[in-house]
There are 2 protein chains.
Amino acid sequence: MSQSFRWPEILDIAQREGKVSVERLAAHFGVTTQTIRRDLSDLADAGKLERVHGGAILPSSVSNIGYEMRRGLHAEEKARIAAACAAQIPDDISLFLNIGTTTEAVAQNLLHHKNLLVVTNNINVATILAANPNCEIILAGGQLRRADGGLVGKLTSDAVAQFKFDLAVIGCSAIDSEGDMLDFDIQEVGVSQTIISQSRRAFLVADRSKFTRSAPAKITTLSQIDALFTDHPLDAPLAALCRDWGLATHIIPPSSTGA
Amino acid sequence: MSQSFRWPEILDIAQREGKVSVERLAAHFGVTTQTIRRDLSDLADAGKLERVHGGAILPSSVSNIGYEMRRGLHAEEKARIAAACAAQIPDDISLFLNIGTTTEAVAQNLLHHKNLLVVTNNINVATILAANPNCEIILAGGQLRRADGGLVGKLTSDAVAQFKFDLAVIGCSAIDSEGDMLDFDIQEVGVSQTIISQSRRAFLVADRSKFTRSAPAKITTLSQIDALFTDHPLDAPLAALCRDWGLATHIIPPSSTGA
DNA sequence: CCAAAAATGAATATTTTTGAAGATTATTAT
DNA sequence: ATAATAATCTTCAAAAATATTCATTTTTGG
């Protein structure tokens, strides 16, 4: 898809007024609402705008509702994965939690652990774990990504590099059939790589949707991971790879108490 | 469910006024109360608001009641001080905001500034300013102090040392009669000193209560500060010192519109 | 110039949002 | 406590917005 000459002006109006309406844009450009809708969809796909009924608004214009709703997606699966993962985390260790809704769910399940040193680049994880008094929290600095409360960039990698963790619990955007872990943001990839290299052990938490998506930037391969927590059995080829790598795969099925 | 045009504005009003009423929102948007109720439910589901009979309020941040109360203390004075301070802050600069309820109030007043680069070691400032899309936010890492959401320690100082700010807006725990700025936490003092040394200009925001307290650790003297914002005239001796140091003192009195 | 690709508009089917009416629940005053 | 009032929830139909499909126009590359 190439881009339309209207795009810059739509974005300009959105910047100025905070929002754009389909009707007004159609009148403004002298095209049908159909065409404007296509423009807005494209701009939303490109992450430039957030689509709403009747028009579009600036992404994260007030605070990221998209993320809050995404958190609700697969919430049950995530909660189960998180509980199983947290059950494998002992007390009295140093721990890293990275960006992602699933790692946030893990944090929720660590509220009753004792004597943890938790380092994170996720502002939400920090606020969640603040409720656990038996837990020292260190936030790695960096540029705040409004989309998900993540901290990324060189500052973050530098901060992470100063630690050595007993365990890292990480999420990623996608996992491909060859067992490569992928992410959308190249800056986050750098951070994740540093985390893994600074950890004695690493757990990956990923709901099944991660196995059917793709993303452009490679973090590492599953061979670098010690345990995988997910909610659905892996495809045979991938499962074989994991066996070869000695990866402990914990499958926590959708709903044992049948719904 | 997709989101609505109204959501950002509802959240904006909630931010400004602390609460929203169903009736008033319905009138404001020209829709029925039913529709507003749906909006408020959705926003509450997303964790952005807390539902109450007749409207909604800002969600009570789970932890730290003590801090919330302290924030309420001298709230009016702080709001006036913050507004006056923010009025002196231009667009298009790099800016540091440190720990403290008054600097958080300043952050509230920066929501409509353009093109700021804000660095902070205060997790609350970061979440407040996340609502301003024209503002890049960098969080200096460090150990999380639950008491006030502050980040302190060597990691913080190291991060701060990598920047040079056009302006620093800082608070402190106490100011003594000799014009020394004091703090309770020695770790925070180190950070504050680094901040001041890395800034071209520095503003101090401090309500009157700071001038009658004491604290053990010295940050620096007022002679290093360019402008002071407070709500009550200084004692004559201290005022004289400030004059000698060329410190611009902005006194914003309790209530000009007589109460 | 022509053919392929892309953009647009129109028509229709689908989904989402909205307001209205009645049932239910919470709050207030007695 | 109990009744009166206000707010909320539930359900459903109308309206609005959107997605989908296909024909038409415009652009692009040979």
Side-chain angles (χ1 to χ4, degrees), chain A residues 1-75 209 212-214 259, chain B residues 1-60:
Chain A
M1 157 222 338
S2 76
Q3 74 177 64
S4 150
F5 67 93
R6 291 181 298 271
W7 287 14
E9 195 168 348
I10 291 175
L11 290 175
D12 194 52
I13 295 171
Q15 281 289 337
R16 264 203 318 280
E17 317 200 354
K19 64 186 177 189
V20 289
S21 102
V22 171
E23 290 289 348
R24 285 196 39 202
L25 287 175
H28 182 267
F29 290 110
V31 294
T32 61
T33 55
Q34 242 15 278
T35 305
I36 295 298
R37 277 193 252 279
R38 270 187 276 250
D39 286 339
L40 295 186
S41 304
D42 291 344
L43 288 168
D45 286 344
K48 304 288 184 187
L49 289 178
E50 201 158 318
R51 200 68 215 288
V52 300
H53 223 76
I57 56 179
L58 291 176
S60 68
S61 74
V62 168
S63 61
N64 215 297
I65 297 165
Y67 182 70
E68 301 294 340
M69 310 206 71
R70 202 141 25 89
R71 178 180 289 162
L73 229 62
H74 308 110
S209 70
T212 56
R213 285 199 305 194
S214 190
Chain B
M1 157 210 350
S2 79
Q3 58 183 105
S4 146
F5 269 137
R6 295 180 295 272
W7 290 9
E9 198 167 345
I10 291 174
L11 290 175
D12 193 51
I13 294 170
Q15 284 281 340
R16 268 206 314 279
E17 316 198 353
K19 64 185 177 195
V20 289
S21 102
V22 171
E23 290 289 347
R24 284 195 40 202
L25 287 175
H28 182 268
F29 290 110
V31 295
T32 61
T33 55
Q34 211 46 244
T35 304
I36 295 298
R37 284 195 188 95
R38 270 188 276 248
D39 286 340
L40 295 185
S41 308
D42 291 343
L43 289 169
D45 286 345
K48 291 296 162 191
L49 289 177
E50 200 159 313
R51 201 67 217 288
V52 297
H53 224 74
I57 56 177
L58 290 176
S60 59

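Just so it is clear, the structure is predicted and the values come from calculations on it, not from any experiment. The chains referred to below are lettered A, B, ... by the order of the sequence lines, with proteins before strands, and numbering in each begins at 1.
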Quiz item: Is there a donor-acceptor contact under 3.5 Å from the side chain of A:Arg51 to the main chain of A:Gly55?
Solution: yes

Quiz item: So, does B:Thr35 use its side chain to make a donor-acceptor pair with the main chain of B:Val31 at under 3.5 Å?
Solution: no

Quick one: [X] [atom1] to [N] [atom2], roughly how many Å, whole number?
X       : N      : atom1 : atom2 : answer
A:Ile36 : C:dT8  : CD1   : C1'   : 11 Å
A:Phe5  : C:dA6  : CZ    : P     : 18 Å
B:Leu40 : C:dT17 : CG    : P     : 15 Å
B:Trp7  : C:dT18 : CH2   : C1'   : 14 Å

Quiz item: Under 3.5 Å, is there a donor-acceptor pair between the B:Arg37 and B:Ser41 side chains?
Solution: no

Quiz item: How sharply is the helix from C:dC1-D:dG30 to C:dT30-D:dA1 bent, taking the axes over five pairs at either end and rounding to 10 degrees?
Solution: 50°

Practice problem: Supply the atom-to-atom distance A:Leu49 CG to A:Trp7 CH2, rounded to the nearest 0.5 angstrom. | Solution: 10.0 Å

Exercise. Calculate, to the nearest 0.5 Å, the distance between atoms CG and CD belonging to B:Asp39 and B:Gln3 respectively.
Key: 10.5 Å

Quiz item: What pair of heavy atoms forms the shortest contact from A:Val22 to A:Thr33, and how long is it?
Solution: CG1-CB, 3.7 Å

Quiz item: Which pairs, with at least one residue in residues 20-34 of chain B and sequence neighbours excluded, count as a salt bridge (Lys or Arg N to Asp or Glu O under 4.0 Å)?
Solution: B:Glu17-B:Arg24

Quiz item: Would you say a side-chain N or O of A:Thr35 is under 4.0 Å from OP1 or OP2 of C:dG9?
Solution: yes

Quiz item: Is there side-chain contact between A:His28 and A:Glu9, with at least one heavy-atom pair below 4.5 Å?
Solution: yes

Exercise. Take nucleotides 7-20 of chain D nucleotide by nucleotide from the 5' end and write B, S or -, depending on whether a protein heavy atom sits under 4.0 Å from the base, only from the sugar-phosphate, or from neither.
Key: SBBBB-----SBBB

